[in-house]
Protein chains: 2
Amino acid sequence: MTDTEIIKASQAICDALSAEEDGLKRDVLGHLGNTWSLLIIQMLGVNGKLRFSRLQEQVKGISQKMLTKSLRDLERDGLITRTMFLEVPPRVEYELTELGRGLLIQILPLWTWVLDQSDDFKMARSVFDEKAKKPIVI
Amino acid sequence: MTDTEIIKASQAICDALSAEEDGLKRDVLGHLGNTWSLLIIQMLGVNGKLRFSRLQEQVKGISQKMLTKSLRDLERDGLITRTMFLEVPPRVEYELTELGRGLLIQILPLWTWVLDQSDDFKMARSVFDEKAKKPIVI
DNA sequence: CAGGATCCGCTCTGATACTG
DNA sequence: CAGTATCAGAGCGGATCCTG
């Protein structure tokens, strides 16, 4: 199967998606593009259960508001679970679901790929800077 | 290699990324999360070269402004090429680069995976709706 | 034809202060 | 401890009008 055939086959899959399934696809992609979602997923993947404050320590730079929001979104989409313990002081633990682990596993190869292509990316960027001064015209 | 080992190994890779490489990773993820980028990449993957107006037709619902912006971003990151022909009327053709095709190929398995998990996603969502009324507490 | 320029509402994000 | 509430700024995204 050539690349082109793979691409066309995959387009066929996408075209066949129901509106609901397409929404799921967008949700997943939304998490991938999100600044924090993937970092949180990875932290939970590596560490297992984590409390709110541990997460905020480990995901460097995240604000409390965005951590709360990201966790809610991840929970809504079934990628993590949230367990609240009625104690004083309060305790809440977050953990990846099977779905969340699955997504993480799916994504990991991409990072290796990006690393492999990093020279190409850098070159593309510098070429673009060149073109900004002298556009390519035929 | 267990899932956990894979995850930890990948974290090691990410930790080893230089600031520059980490920026590239974020750029790539940004494209994945973008509403239009992936659609454009897929259209170009399936159709090969496409003109601006053909793209706007095929990527349903995109505005002229966002198409322009998305194409610029994709070009800057080396995923597509832009070729302008000095004619009257003007003509511009967009096409995937090798890098762009590579990214598309990397992403495609994810869509199959999402489809496979779609029942799990739906169930997670409905469980979350339940919890909104009656939070799970221990 | 392929966009650039402008206006405008909306969401995302951070900072700060407060609460059960 | 684990959030909620509020304010403010930046950027997204669409609609419209204009140009080489």
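A, B, ... follow the sequence lines: proteins, then strands. Residue 1 opens every chain. If you're wondering where the values come from, they're calculated on a predicted model, not measured in any experiment.
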Quick one: side-chain contact (heavy atoms from CB on, under 4.5 Å) partners of Arg91(A), sequence neighbours excluded?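 Only Arg51(A), Phe85(A), Glu87(A), Glu93(A) meet the side-chain contact (heavy atoms from CB on, under 4.5 Å) criterion with Arg91(A).
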Inset, instruction - Output the distance between atom CD1 (Ile7(A)) and atom CD1 (Ile107(B)), rounded to the nearest 0.5 Å. - result: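 Reported to 0.5 Å precision, the distance equals 12.0 Å.
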- Between CG on residue Leu99(A) and CZ on residue Phe121(B), distance to nearest 0.5 Å: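 The CG atom of Leu99(A) sits 4.0 Å away from the CZ atom of Phe121(B).
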[X] has an atom [atom1]; how far is it from atom [atom2] of [N], in whole Å?
X        : N      : atom1 : atom2 : answer
Leu86(A) : dG3(D) : CG    : P     : 12 Å
Phe85(A) : dC1(D) : CZ    : C1'   : 14 Å
Leu67(B) : dC1(C) : CG    : C1'   : 13 Å
Gln56(B) : dA2(C) : CD    : P     : 9 Å
Leu55(B) : dC1(C) : CG    : P     : 14 Å

Can you check nucleotides 18-20 of chain D for protein contacts, nitrogen or oxygen pairs under 3.5 Å, and list what you find?
none

Handout entry: Terminal axis angle for the helix from dC1(C)-dG20(D) to dG20(C)-dC1(D), five pairs an end, nearest 10 degrees
Key =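 Rounded to the nearest 10 degrees, the bend comes out at 50°.
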When every non-hydrogen atom of Gln56(A) is compared with those of Gln64(A), the smallest separation belongs to NE2-N, 3.3 Å
Closest non-hydrogen contact found for Arg82(B) with Val92(B) is CG-CG1, 3.8 Å
* What residues join Val88(A) in its hydrophobic cluster, counting side-chain heavy atom gaps under 4.5 Å, either direct or through other members? ->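 Direct or chained contacts put Val88(A) with none.
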Which residues end up grouped with Leu17(B) if you chain together Ile, Leu, Val, Met, Phe, Trp and Tyr wherever their side-chain heavy atoms are less than 4.5 Å apart?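 Members besides Leu17(B), by chain and number: Leu115(A), Ile13(B).
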Whether each nucleotide of nucleotides 4-19 of chain C has a protein heavy atom under 4.0 Å at its base (B), only at its sugar-phosphate (S) or at neither (-) is summarised, 5' to 3', as B-BB-----BBB----
key: Within residues 43-54 of chain A: residues closer than 4.0 Å to DNA chain D (heavy atoms)   =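 Within residues 43-54 of chain A, the residues near DNA chain D are Arg51(A), Phe52(A), Ser53(A).
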[X]: what forms a salt bridge (Lys or Arg N to Asp or Glu O under 4.0 Å) with it, not counting sequence neighbours?
X         : value
Arg125(A) : Asp27(B), Asp77(B)
Asp73(B)  : Lys69(B), Arg76(B)
Glu21(A)  : none
Glu98(A)  : none

Evaluate the criterion salt bridge (Lys or Arg N to Asp or Glu O under 4.0 Å) for residue pair Arg54(A) and Glu57(A); output intermediate values, then yes/no.
CA-CA 5 Å; Arg54(A) 295 298 136 263; Glu57(A) 285 167 16; 2.5 Å; yes
In short, side-chain hydrogen bond (donor to acceptor under 3.5 Å, both in side chains) pairs touching residues 101-111 of chain B with sequence neighbours left out are Thr4(A)-Arg101(B)
